[in-house]
Amino acid sequence: MTTQKTKVRFAPSPTGRIHVGNVRTAILTWLYARATGGTFLLRLDDTDVERSKEEHAQALMADLRWLGVEWDEFARQRDRMDRYAQAIERLKADGRLYACYETPEELSLKRKTLLQRGLPPIYDRAALALTDAQKSAYEKQGRRPHWRFKLEHKTIAWNDLIRGPVAFEGKDMSDPVLIREDGSPLYHICSVIDDLDYGITHIIRGEDHVSNTAAHIQMFEALGGDIPVCAHLPLISDAEGGKLSKRLGSLSVGELRDDEGLQPMAIINLMARLGTSLPIEAYTHPAPLIESFDFGTFSRSTPKFDPEELVRLNAKILHQTDYSEILPALKDLGLEDVSEEFWLAVRPNLSRLREIRDWWSVAKGPVTPEIAGEDTAFIAAAHDCLPPAPWTEETWGTWIAEVKNRTDRKGKTLFMPLRKALTGMEHGPELNVLLPLIGPDKVSERLQAK
RNA sequence: GUCCCCUUCGUCUAGCGGUUAGGACAUCGCCCUUUCACGGCGGCAACACGGGUUCGAGUCCCGUAGGGGACGCCA
């Protein structure tokens with residue numbers, strides 16, 4: 001065995017915002033690259049000029065960067081058309097590509113007929129029997145050919161990192177179209193040529209590609225290259241068990257960030273471990289995920305994706321995030337002068353970062369103190385025994401003891417009116433840490449509110 | 001329609017012929033806390049169904065049901 005350096009790629013089509021299903025593949029591919037000390041290539045598969053849009057390409061890269069999924073190399077297929085043409089010529093010369101003249105309508109009819117007879121809709125290779133005379137007759141009618149790759153009718157087998165031994169029969173598959181009628185190359189051949197040229201050692205993608213892989217293997221062989229190791233990930237499904245579609249399937253990284261207000265690590269943690277035998281944990285850094293990454297831990301069944309899990313993870317991540325690490329995100333929220341004390345005080349009460357704004361206004365105001373009619377005398381008494389500045393975390397204890405002495409209250413009737421007067425809420429961070437953060441002036445002011 | 005894959009607590013899963021069926025998350029209870037949250041400690045909870053094979057089946061075989069995937073001049 002050679003000690004070949006791992007090289008993997010994530011190859012999305014920039015046809016829309018990247019969503020949960022896709023980003024999982026990106027994250028796992030990236031983790032594998034980092035786990036093996038290999039290279040991660042981001043390749044835009046933008047051969048479909050109709051659907052591929054530059055704005056989607058830009059948004060995709062922004063989303064990946066936000067997640068911290070950094071790529072080492074970058075390529076896009078639209079820049080490589082000359083190279084594809086060259087490889088295609090070789091396949092034609094080798095007789096692996098053959099010209100077909102059926103129209104899309106004719107092909108669709110053929111498929112429908114086969115289906116009705118209970119047969120698999122496999123292309124019948126009629127074009128292979130075309131004589132030169134028939135071909136030129138088609139050409140004279142103005143028809144241009146599309147080209148199919150002639151699969152060898154033999155067993156195609158590989159050892160999948162996730163699925164184990166996989167085998168397909170060439171005869172059970174349709175010869176894939178590699179070149180459109182307009183002469184443009186299709187995904188299959190572009191992908192194979194790129195994987196070859198860029199030295200991809202491992203192909204990691206969804207299991208919706210398994211039968212493609214069978215065809216691709218023959219293309220790798222036809223082009224005389226090494227066949228990368230394959231890992232086909234089970235697709236994730238809806239919480240209801242159905243296919244990941246509609247609302248969830250379209251749940252994009254952008255929405256998770258902008259609408260849901262989630263931390264990138266919430267998504268990384270869930271996607272890295274969902275469907276594996278390793279526990280889903282709330283790490284604040286990807287390092288433990290990289291260290292523990294192992295295709296052997298992946299199940300072959302389709303796991304269910306529950307967005308609520310992201311929120312739970314998000315909360316746990318926040319509870320553990322250090323002040324220095326949250327600072328940039330706080331700046332983005334427009335909270336420049338949050339102190340470390342404040343962060344540590346409110347951190348356990350956050351499930352989304354933006355909720356910190358609520359606690360920030362509790363500390364800085366304005367707050368609408370809540371003082372019930374029957375509590376006015378009590379609050380006034382409490383105000384009278386406020387300890388002198390400076391205030392520390394001990395102040396609350398000192399104060400409340402004094403209030404207890406001077407009034408006949410205890411338990412909930414003792415502290416709850418104070419909490420409501422000071423914060424306007426019945427819940428929140430502990431008052432011993434909150435009190436010095438609000439400060440003597442505002443505390444006094446709020447206790448005297450009408 | 002044909003082919004392929006999958007099915008263990010609510011969820012993600014361990015298990016690879018003999019287990020009190022293990023863990024994590026969720027949930028519930030207790031502790032901590034003069035609130036909520038955080039944290040700590042415990043509890044509840046599962047082998048889709050039906051046939052085989054075997055002394056013995058969650059584990060092997062066949063079937064049924066359910067779910068997913070593939071069968072494009074999309075990727």
Side-chain angles (χ1 to χ4, degrees), chain A residues 11-15 22 45-48 50-52 77 100 102-104 107-108 111 114-123 144-148 163-164 166-169 172-174 176-182 184 186-188 190-191 205-212 214 232 234-244 270 273-282 297-306 308-309 312-313 315-316 318-320 346-351 396-397 400-401 404 409-416 418-420 423 425-432:
Chain A
S13 295
T15 56
N22 250 342
D45 282 11
D46 50 6
T47 52
D48 187 339
E50 292 289 309
R51 299 194 300 148
S52 296
Q77 294 190 325
C100 303
E102 294 91 346
T103 63
L107 288 174
S108 145
R111 266 192 294 274
L114 287 167
L115 245 19
Q116 275 167 355
R117 291 169 54 201
L119 295 170
I122 294 170
Y123 179 60
R144 295 274 88 85
H146 58 277
W147 298 74
R148 287 184 189 263
R163 317 190 106 212
V166 182
F168 278 82
E169 290 302 327
D172 294 339
M173 306 195 300
S174 269
V177 175
L178 260 37
I179 303 162
R180 290 188 180 91
E181 186 182 346
D182 68 5
S184 61
L186 256 14
Y187 154 76
H188 299 283
C190 300
S191 177
R205 54 186 174 188
E207 70 178 7
D208 50 335
H209 280 285
V210 281
S211 61
N212 286 339
H232 289 94
L235 271 19
I236 54 184
S237 74
D238 230 316
E240 291 80 42
K243 64 178 288 187
L244 191 70
L270 182 62
R273 292 284 179 84
L274 184 66
T276 74
S277 54
L278 269 18
I280 295 165
E281 302 205 57
T297 64
F298 281 80
S299 158
R300 285 160 56 140
S301 48
T302 63
K304 294 178 183 65
F305 167 71
D306 179 5
E308 282 305 310
E309 189 103 14
R312 284 195 289 269
L313 278 169
K316 287 197 173 184
L318 254 17
H319 300 161
Q320 301 173 66
V346 303
R347 185 174 77 164
N349 283 73
L350 301 176
S351 84
W396 166 253
I400 198 77
K404 194 176 178 180
R409 297 203 182 194
K410 57 181 180 179
K412 199 171 180 178
T413 57
L414 172 70
F415 68 83
M416 190 52 90
L418 294 174
R419 168 174 289 280
K420 282 158 81 172
T423 70
M425 285 184 280
E426 291 190 351
H427 65 276
E430 294 180 12
L431 280 171
N432 60 347

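Lettering of chains follows the sequences in order, A, B, ..., and the numbering in each one begins at 1. Worth saying up front: this structure is predicted, and the values here are computed from it rather than measured.
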Separation between the C1' atoms of B/U53 and B/G17, rounded to whole Å: 11 Å

Gap in Å between the two P atoms, one belonging to B/C16 and one to B/U59, rounded: 13 Å

Separation of [N] [atom2] from [X] [atom1] (nearest whole Å):
X: A/Leu313; N: B/U11; atom1: CG; atom2: P; result: 18 Å
X: A/Phe168; N: B/G69; atom1: CZ; atom2: P; result: 15 Å
X: A/Leu278; N: B/A14; atom1: CG; atom2: C1'; result: 11 Å
X: A/Leu119; N: B/U2; atom1: CG; atom2: P; result: 10 Å
X: A/Tyr187; N: B/A75; atom1: OH; atom2: P; result: 9 Å
X: A/His232; N: B/A70; atom1: NE2; atom2: P; result: 12 Å
X: A/Leu235; N: B/A70; atom1: CG; atom2: C1'; result: 11 Å
X: A/Gln77; N: B/C74; atom1: CD; atom2: P; result: 14 Å

Scan [X] against the nucleic acid and name what it touches under 4.0 Å (heavy atoms): base, sugar-phosphate only, or nothing.
X: A/Glu281; value: nothing
X: A/Glu207; value: sugar-phosphate
X: A/Asn212; value: base
X: A/Ser184; value: nothing
X: A/Ser191; value: nothing
X: A/Leu107; value: base
X: A/Arg312; value: sugar-phosphate
X: A/Lys316; value: sugar-phosphate

Name the closest nucleotide to the [X] side chain, picking from [options].
X: A/Lys304; options: B/C12, B/C73, B/A75; value: B/C12
X: A/Arg180; options: B/C74, B/U11, B/U13; value: B/C74
X: A/Pro121; options: B/A26, B/G1, B/C73; value: B/G1
X: A/His188; options: B/G69, B/A14, B/A75; value: B/A75

Annotated protein contacts, base or backbone, on nucleotides 29-38 of chain B with a non-hydrogen cut-off under 4.0 Å, one of B, S, - each: -----BBBBS

Any side-chain heavy-atom pair of A/Ser237 and A/Phe305 under 4.5 Å: no

Complementary nucleotide for B/G66 - Watson-Crick or wobble, under 3.5 Å: B/C6

Watson-Crick or G-U wobble mate for B/G43, both contacts under 3.5 Å: B/U27

Side chain to side chain contact (heavy atoms under 4.5 Å, CB included) assessment of A/Arg409 paired with A/Lys404: CA-CA 6 Å; A/Arg409 297 203 182 194; A/Lys404 194 176 178 180; over 6 Å; no

Backbone N/O of A/Pro176 and side chain of A/Ser174: donor-acceptor pair under 3.5 Å: no

Whether A/His146 side chain and A/Val177 backbone form a donor-acceptor pair below 3.5 Å: no

RNA chain B: 5'-proximal contact among A/Tyr123 and A/Arg300 (nearest heavy atom): A/Arg300

Residue met sooner reading RNA chain B from 5', once A/Arg148 and A/Arg117 are mapped to nucleotides: A/Arg117

Any donor-acceptor N/O pair under 3.5 Å between B/A75 base and A/Asp208 side chain: no

Interatomic spacing from CG in A/Leu235 to OG1 in A/Thr302 - rounded to 0.5 Å: 8.0 Å

Between CZ on residue A/Arg273 and CD on residue A/Glu281, distance to nearest 0.5 Å: 6.0 Å

Criterion side-chain contact (heavy atoms from CB on, under 4.5 Å) against A/Asp45, the qualifying member of A/Ser13, A/Pro14, A/Cys190: A/Ser13

A/Gln77 side chain to A/Asp46 side chain, donor-acceptor N/O pair below 3.5 angstrom: no

Set of residues satisfying side-chain hydrogen bond (donor to acceptor under 3.5 Å, both in side chains) with respect to A/Asp48, sequence neighbours excluded: A/Arg51

